[in-house]
There are 4 protein chains.
Amino acid sequence: MSEGGPVAQDRLKSFIERIERLEEEKAALLADIKEIYSEAKGTGFDVKTMRKVISLRKMEENDRQEAEFLLDTYLSALGMLERPLAAE
Amino acid sequence: MSEGGPVAQDRLKSFIERIERLEEEKAALLADIKEIYSEAKGTGFDVKTMRKVISLRKMEENDRQEAEFLLDTYLSALGMLERPLAAE
Amino acid sequence: MSEGGPVAQDRLKSFIERIERLEEEKAALLADIKEIYSEAKGTGFDVKTMRKVISLRKMEENDRQEAEFLLDTYLSALGMLERPLAAE
Amino acid sequence: MSEGGPVAQDRLKSFIERIERLEEEKAALLADIKEIYSEAKGTGFDVKTMRKVISLRKMEENDRQEAEFLLDTYLSALGMLERPLAAE
DNA sequence: CTGCCATTTTACCGGC
DNA sequence: GCCGGTAAAATGGCAG
């Protein structure tokens, strides 16, 4: 440990500030999203249902990716199963 | 508030103990599950893949229930949409 | 009620897509933040402590904004603010 | 390697189903616990505080068990325990 | 011991 | 204004 003081402090400060900057952007996005829901509601749409729809679409997307990943997993697992299961 | 002391204390104690009892049962179940994974592993199965499979089956089950629920939601929403959207 | 179907559907779709676009950006930000924490960790900082620091700074920021708002409220009440707060 | 397919598949299926059965029981317990918290809340107790209490009691329980174990360890080392601890 | 994953806790948001 | 439910964050545990 050639140095444990000011330099580390500066790095920490840098990390913190970078994160806080991104958190601000995130907060702005959340505000934007909220505004759109509000706008949609004003047009007569049901917010709860919209959230449900978006949630479902997201899940379907996840499932699709999951399926792809699973294929790899199975292929890999099959390779791994040939030997150990032979023990029986 | 006719009484704010011993009686409330007893009720709280009762709630806490009921919860702790259930938590114990939960811990026992977790131990059982862990044991099965361990047993499966000893037989040559890959635990990570097994978890993946179970997770996927659970998601599919969730999706199925979700789909049913969504049908209701949509039917309901359609009933709700007739009027408000007419505003346009 | 000139039309209660396709148009509403299009507007709904538009809302949904706008939200999903923002959600994607949000997810990207979350990933970025996660990466910074990871980087900081690799440099030897304790992530949990960093989160606490950021949380504290955020609370202080909120307090600061509340204090400013309160000040403005008082100044406004005294007619000492150039640009008055929005009428209640 | 008399057989590397169907048998393994059956065993896997058996493991999976046993785990899923236990997971269901676990889910039921979680629901029960949730219900008790809800009931307690309806009686005027603060759920968050209750969770803290339970958490603390659990930690104390762990400490107590550790202390007991340590005591047994010492007693065992001194040959003062009827039923010795399992050999290392 | 490190990283990943599950669980748990916290905060938010719409509804009543 | 509170409540319930839902999504995010954080913590803890577990396998590798």
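All chains are named by letter (A, B, ...) in the order of the sequence lines, taking the proteins before the strands, and each is independently numbered beginning at 1. Worth knowing before you read on, the calculation uses all heavy atoms, side chains too, and leaves out hydrogens, waters and symmetry mates.
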Subject >> Whole-Å gap separating P (dA6(E)) and CE (M50(B)) >> reply: 14 Å

Subject >> Given DNA chain E, 5'-ward residue of the pair S55(B) and K52(D), judged by closest heavy atom >> reply: S55(B)

Subject >> Length of the CG-P vector between D32(C) and dA9(F), whole Å >> reply: 13 Å

**OP:** Remember a base hit wins even if backbone is also touched, and classify L30(A) as base, sugar-phosphate or nothing at under 4.0 Å, heavy atoms.
**Re:** nothing

**OP:** Of all the heavy-atom pairs spanning F15(B) and T43(D), show the shortest one and how long it is.
**Re:** CZ-OG1, 3.7 Å

Original post:
For the pair made of CZ in F45(A) and P in dG15(E), what is the distance, rounded to whole Å?
Top reply: 15 Å

Original post:
Contact class for K34(D) vs. all strands (heavy atom < 4.0 Å): base, sugar-phosphate, or nothing?
Top reply: nothing

Original post:
Between R51(A) and dA7(F), is there a side-chain N or O to OP1/OP2 distance below 4.0 Å?
Top reply: no

Original post:
Would the number of heavy atoms belonging to other residues, nucleotides or ligands and lying under 6.0 Å from CD of E23(D) be above 12?
Top reply: yes

**OP:** Determine whether S14(D) and R18(D) make a side-chain contact, defined as any pair of heavy atoms from C-beta on separated by less than 4.5 Å.
**Re:** yes

Original post:
With nearest nucleotides of DNA chain F determined for Y37(C) and K41(B) from heavy-atom distances, which residue corresponds to the more 5′ nucleotide?
Top reply: Y37(C)

**OP:** Take R64(D) and M59(D), measure what side chain to side chain contact (heavy atoms under 4.5 Å, CB included) needs, and give me the verdict at the end.
**Re:** CA-CA 9 Å; R64(D) 201 183 56 74; M59(D) 285 174 60; over 6 Å; no

**OP:** Decide yes or no on side chain to side chain contact (heavy atoms under 4.5 Å, CB included) for L22(C) and E25(C), but give the supporting numbers first.
**Re:** CA-CA 5 Å; L22(C) 294 175; E25(C) 294 181 33; 4.2 Å; yes

Original post:
Which is true for K26(C) with a 4.0 Å heavy-atom rule: it touches a base, it touches only sugar-phosphate, or it touches nothing?
Top reply: sugar-phosphate

Original post:
In whole angstrom, what separates E35(B)'s CD from dA15(F)'s P?
Top reply: 13 Å

Original post:
In whole angstrom, what separates E23(D)'s CD from dC5(E)'s C1'?
Top reply: 13 Å

Original post:
Separation of K48(A) atom NZ from dC16(E) atom P, in whole Å?
Top reply: 8 Å

**OP:** Measure from NZ on K58(D) to C1' on dT7(E) and round the result to the nearest Å.
**Re:** 10 Å

Original post:
Rounded to whole angstrom units, what separation is found between the CG atom of D46(B) and the P atom of dC5(E)?
Top reply: 13 Å

